[in-house]
Amino acid sequence: MKTDLSKKSIPGYNFAGIEEKWQQRWGEAQLYRAPDKPSADNNFYMLVMYAYPSGDIHMGHFRNYIIGDAVARQQMMLGKEVLHPFGWDAFGLPAERAAIKHDTHPQVWTKQNIGVSRKTLQKVGVSFDWSREVDSSDPSYYKWTQWMFLQLFNKGLAYQKTGWVNWDPVDKTVLANEQVKDGIAERSGAQVEKKELVGWYFRITDYADRLVDDLDTLPEWPDNVKTIQREWIGRSHGLEVDFVIEETGKKLPIYTTRPDTIYGVTFMAISPEAEILKSLNLDSEYTAKVAEYQKKAATRTDIERASLSEDKDGVFTGKYAINPYNGERVQLWVADYVLAGYGTGAVMAVPAHDTRDFAFAKKYGIPIRVVIHPDKNTTLDVDTMEDAFTDYGPMINSAQFDGLTGEKALDCVSEYAEQKNIGRRKVNYKLKDWSISRQRYWGCPIPIIHCDKCGLVPVPESELPVVLPRVESYHPKGRSPLADVPEFMNVKCPKCGGEAQRDPDTMDTFVCSSWYYLRYIDALNDKAPFDKEKAAAWMPIDLYVGGITHATGHLIYFRFFHKFLHDLGWVSTAEPVKKLFNHGMVSDADGEVMSKSKGNVVSPIALCDERGVDISRLGMFFTAPSEKPVQWSDDALSGVEKFIVNKLYPIISDYRGTGPDLKCYFKSGSLPEAEWSLYIKLNQTIKRVSESFERLQFNTAIAALMELVRDYNPEVIKSDELNDQVVLKTIQMVAPLAPHLAEEMWQLAGFEQSVFKSTWPVHDPDAVIGETINIAVQVNGKLRDTVAVAVDADQAVVEQAAEASEKVAKHTEGKQIIKKIYVPGRLLSIVVKS
RNA sequence: GCGAGAGUGGCGGAAUUGGCAGACGCGCUGGAUUUAGGAUCCAGUUCCGAGAGGAGUGGGGGUUCGAAUCCCCCCUUUCGCACCA
């Protein structure tokens, strides 16, 4: 791929040589090395999600990282001190699985992959500061993950409990709710089972309110992510009402968001897993039936339960509960449409005003009582109702509350409960505490010691890290492989010195990724996870680029960690990230997600070897705006390849060597027309490209550069200064997108310093509009002609020009002109009466 | 089912706030050069029409001098949530 540049002694475009040369020089010059402690107001923290080292990076990573790279490089040119680090999310199940498959050790496998992936990233010229690289599976890192755990433990935010968990029967481990979708484990694809198990949890629910409320302080986060997080946290305001079990007088609290329907309760329903069920003392004729039902419910997965939503079933317990509002006695049922983990695990059932309760009541012939009407003049008839009426409306059949509606009704009914001490207002969340125990080997050990005498004892900070022992066998057995390693398990209790045992579980890898962005700031610190002052200077992250898949997982977890660290005084900001950007996914030409099993993976490294890094980058940028999904096809490269090889690179041979002052603007009238219009084109391009960068829409930036290069014709340019400004500023604008090429051209132009040390061009505000402009002329809203007028022409001049147009006259002749609307610089709209 | 977004040429996509729809690129057509063309250059390329002209941003209605852009209804599609009481 040589270009003939015979007119001057400029070598052809040899991308391989250029890439190698500059990657080496940039490395030597430590171009990407971020200052240890930046000035507080002139820094930019550019973060991309760190990578799971599975083999090599793929096109999705490539896209993600070149977006971040373009921003980082432009920020350098804007004079910012830039932190652009990278690292490895190195613990986790896939490493274990792959290691088992290849009969190697997870650590070996992981380190190998890190080596390969790092090399690829360096090869594609991403401007990471590798001196800050982190590896979450390295003791120097996970020492501090354990430290984080201990901080949470000390504040009572890390705790152990027995609970119903999501059990992955394939990977044989517990999963967090965030790792299960539609009852299917995200990683293994297995149907998740319910299991009652002891495990560690983080009390993220303590932060639920702040996690919701502070979303309002993030204007630069995409709305969809904020909405997803709000719904995931699922805050609702309601009332907890104490119903009473008739026989025993024991309280049976339920949670409702519709206190205004409380007089419509005709039965109660309890989840088969609910604790209260055990204390009911069922009569013998019901015990077996209920037990059988519980058993059946336990074998059903969540999806099965949900898919049966049309057909609700349950069993009567033989017991009754009393509604504290009206003293009514209602049947108590067990039904698996009631979730054990939400509210109190029991609900008041109002068939007339809840679809689920309605279906259930219909099935079992339970009475339905209407207590809300759509409005004052419409009444509902129980006999003809086909579905529940779930909207708000005036209360009826509700004693003293009759006539109240909506907000007011909720208020009064709640108020009454609190006065009579039969209930209390309550806020509930769908968000559950974060389950972090994993019964697997390849993870961060939990720094807790179990002592018969002292209970749960944290490992003293001075003894961190608790090192993950190197073991031969780590096959999943359903309990942690570490439990079978006595050298690891058996320790002395740090408190009493007696025999004690370590915790055999390892942590969810999302714990590791909840604070990695802070470690980058001070990656080599062995006295603390990071230095507070350095963090205060760099934080918050100015831009975080990643895929949307993390909206309910990582992006909630790490906000939680950050807030916790904020409370401890370790970080100065309440939120970690100022601007979040989700790039679109990369799929193959048929729209299929690229995966090894499908064999449709396009390797960025192969692409870059074949076509060159800069062409590959430009191809990816040009094919779609960054937020949209891309169906990758090599066809996307042909346009940008021609542009680079035939158009852009050769302009360096037109450089005349004046070394112009790039800050110097030309004055209107100082250049002949052709040159002035090129000067305007240059400045329009600078403006468009700069704006495109702000929106991360590199496709339009490239389009603008293509236009500029197309319009650039050195033969008609007499001013060497202008000519050279165009050449140099074009190189600068293309530099963040095609760094090697730009750097090479910059050097050929005679510069000794890197183009990334040069200053990003600023458009001349007096030169973005030409001397004459075209004004559109509409008649009755239809475009009839355009007229060219001087840029400073007033309405009268434009009207005159419009009148002179035959095309316009054709539509206005003999008609009465009602009005004329003039939009300065854009159009003239003439309204006529026909 | 609920919620949010999207729908523009053969294709990827442009069009800050309502103001010349289709920038830029791919593909395609014609031409030039060439032994050759999967190279390069020039011209053309939304649709209908020979032309004048007309239609046109998923479909239908509306607001406006003017709508891809705002409002209402419908269709399609992507994503999220999915018994949360």
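Note that the coordinates shown come from a computational prediction; the quantities given were computed from them, not determined experimentally. Throughout, protein chains are lettered first and strands after them, A, B, ... in sequence-line order, and every chain is numbered starting at 1.
You'll find that the side chain of A/Ala624 is closest to B/rG13, out of B/rC65, B/rU16, B/rG13. The side chain of A/Asn646 has B/rU40 as its nearest neighbour among B/rC83, B/rC81, B/rU40. Distance from the side chain of A/Phe622 is smallest for B/rG12 among the nucleotides B/rC83, B/rC81, B/rG12. Ranking B/rC65, B/rG80, B/rU16 by closeness to the A/Ile228 side chain, first place goes to B/rG80. Distance from the side chain of A/Leu783 is smallest for B/rC20 among the nucleotides B/rC81, B/rC24, B/rC20. Considering only side-chain atoms of A/Pro625, the nucleotide from B/rC65, B/rG25, B/rG13 that sits closest is B/rG13. For A/Thr700, the side-chain atoms get nearest to B/rA15 when compared with the rest of B/rA15, B/rG25, B/rU40.
Rounded to whole Å, atom P of B/rG13 lies 10 Å from atom CD of A/Glu627. Atom CG in A/Asp387 sits roughly 13 Å away from atom P in B/rG1 (whole-Å rounding). Across the protein-nucleic acid pair, A/Glu707 atom CD and B/rG22 atom P stand 13 Å apart, rounded to whole Å. Spacing between atom CD of A/Gln229 and atom P of B/rC81 amounts to 12 Å, rounded to whole angstrom units. At whole-Å resolution of the value, CD1 in A/Ile773 and P in B/rG19 are 16 Å apart. Remark: P of B/rA21 and CG of A/Asn774 are 13 Å apart, rounded to the nearest angstrom. The nearest whole Å value for the distance from the CD atom in A/Glu641 to the P atom in B/rG27 is 12 Å. Whole-Å rounding puts the A/Arg258 CZ to B/rA85 P distance at 11 Å.
B/rU45 and B/rG25 have their P atoms separated by 14 Å, with the value rounded to a whole Å. Between the P atoms of B/rU69 and B/rA15, the separation comes to 16 Å (whole Å). Nucleotides B/rA67 and B/rC48 place their P atoms 25 Å apart, quoted to the nearest Å. Straight-line distance between the P atoms of B/rU46 and B/rC11: roughly 13 Å, to the nearest whole Å. When the C1' atom is used for both B/rG1 and B/rU8, the distance is 31 Å, rounded to whole Å. The same atom, P, is picked in B/rC26 and in B/rA43; the two are 14 Å apart, to the nearest Å. The same atom, C1', is picked in B/rG30 and in B/rU35; the two are 23 Å apart, to the nearest Å. Spacing between B/rC65 and B/rC72 at atom C1', rounded to whole Å, works out to 23 Å.
Look at B/rA32: its Watson-Crick or wobble partner, with both distances under 3.5 angstrom, is B/rU40. Using N1 to N3 plus N6-O4 or O6-N4 for Watson-Crick, or N1-O2 and O6-N3 for G-U wobble, each under 3.5 Å, B/rG1 pairs with B/rC81. The pairing partner recorded for B/rG7 is B/rC75, the criterion being a Watson-Crick or G-U wobble arrangement whose two distances lie under 3.5 angstrom. Figure legend. B/rG18 is base-paired to no nucleotide; pairs are counted as Watson-Crick or G-U wobble with both atom distances under 3.5 Å. Pairing for B/rA23 is absent, judged as Watson-Crick or G-U wobble with the two contacts each under 3.5 Å. Pair assignment for B/rG53 gives B/rC48, based on Watson-Crick or G-U wobble hydrogen-bonding distances that are each under 3.5 Å.
Counting distance only, with no hydrogens placed and no angle test, the side-chain atoms of A/Lys312 and the base atoms of B/rC83 include a donor-acceptor pair under 3.5 Å. No N or O donor and acceptor, one from the side chain of A/Gln631 and one from the base of B/rG12, sit under 3.5 Å apart.
Side-chain rings of A/Phe622 and A/Phe698 stay apart, their centers remaining 6.0 Å or farther from each other. The aromatic ring centres of A/Phe267 and A/Phe360 sit less than 6.0 Å apart.
Residue A/Tyr342 places at least one side-chain N or O under 4.0 Å from the OP1 or OP2 atom of B/rA85. Side-chain nitrogen and oxygen atoms of A/Arg784 include at least one within less than 4.0 Å of the OP1 or OP2 phosphate oxygen of B/rG54. For B/rA14, the OP1/OP2 oxygens have a side-chain nitrogen or oxygen of A/Asn699 closer than 4.0 Å. Phosphate contact (OP1/OP2 of B/rC24, side-chain N/O of A/Arg710, threshold under 4.0 Å): present.
In this structure B/rG60 sits in the anti conformation; its chi angle is more than 90° from 0.
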Intermediate values then yes/no, side-chain contact (heavy atoms from CB on, under 4.5 Å), A/Arg230 and A/Asp216 | CA-CA 11 Å; A/Arg230 261 186 217 104; A/Asp216 296 332; 3.2 Å; yes
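Although no hydrogens or angles enter the test, the distance criterion places no donor-acceptor pair under 3.5 Å between the side chain of A/Asp711 and the main chain of A/Leu678. A donor-acceptor distance shorter than 3.5 angstrom exists from the side chain of A/Tyr325 to the backbone of A/Val413, with no hydrogens or angles considered. With A/Lys820 contributing its side chain and A/Gln795 its backbone, the two residues share no donor-acceptor pair below 3.5 Å. Side-chain atoms of A/Thr623 never come within 3.5 Å of backbone atoms of A/Ala636 as a donor-acceptor pair (strictly under, hydrogens ignored).
Residue contacts shown for A/Lys647 are limited to sugar-phosphate atoms, with no base heavy atom under 4.0 Å away. Nucleic acid contact for A/Ile821: base, since at least one base atom lies under 4.0 Å from a heavy atom of the residue. Contact annotation for A/Thr786: base contact, defined as any heavy-atom pair under 4.0 Å involving a base atom. In this structure, A/Ser236 reaches the sugar-phosphate backbone alone: every heavy-atom distance under 4.0 Å involves primed, P, OP1 or OP2 atoms, never a base. Here A/Lys642 lies in heavy-atom contact (under 4.0 Å) with sugar-phosphate atoms only.
Mapped onto RNA chain B by nearest heavy atom, A/Tyr429 and A/Ile830 fall at different nucleotides, with A/Ile830 at the one closer to the 5' end. Mapping A/Tyr255 and A/Ala776 onto RNA chain B via the closest heavy atom, the residue that lands nearer the 5' end is A/Ala776.
A donor-acceptor contact closer than 3.5 angstrom is absent between the side chains of A/Tyr712 and A/Thr730. With hydrogens and angles left out, the side-chain atoms of A/Asn646 and A/Tyr13 include no donor and acceptor closer than 3.5 Å.
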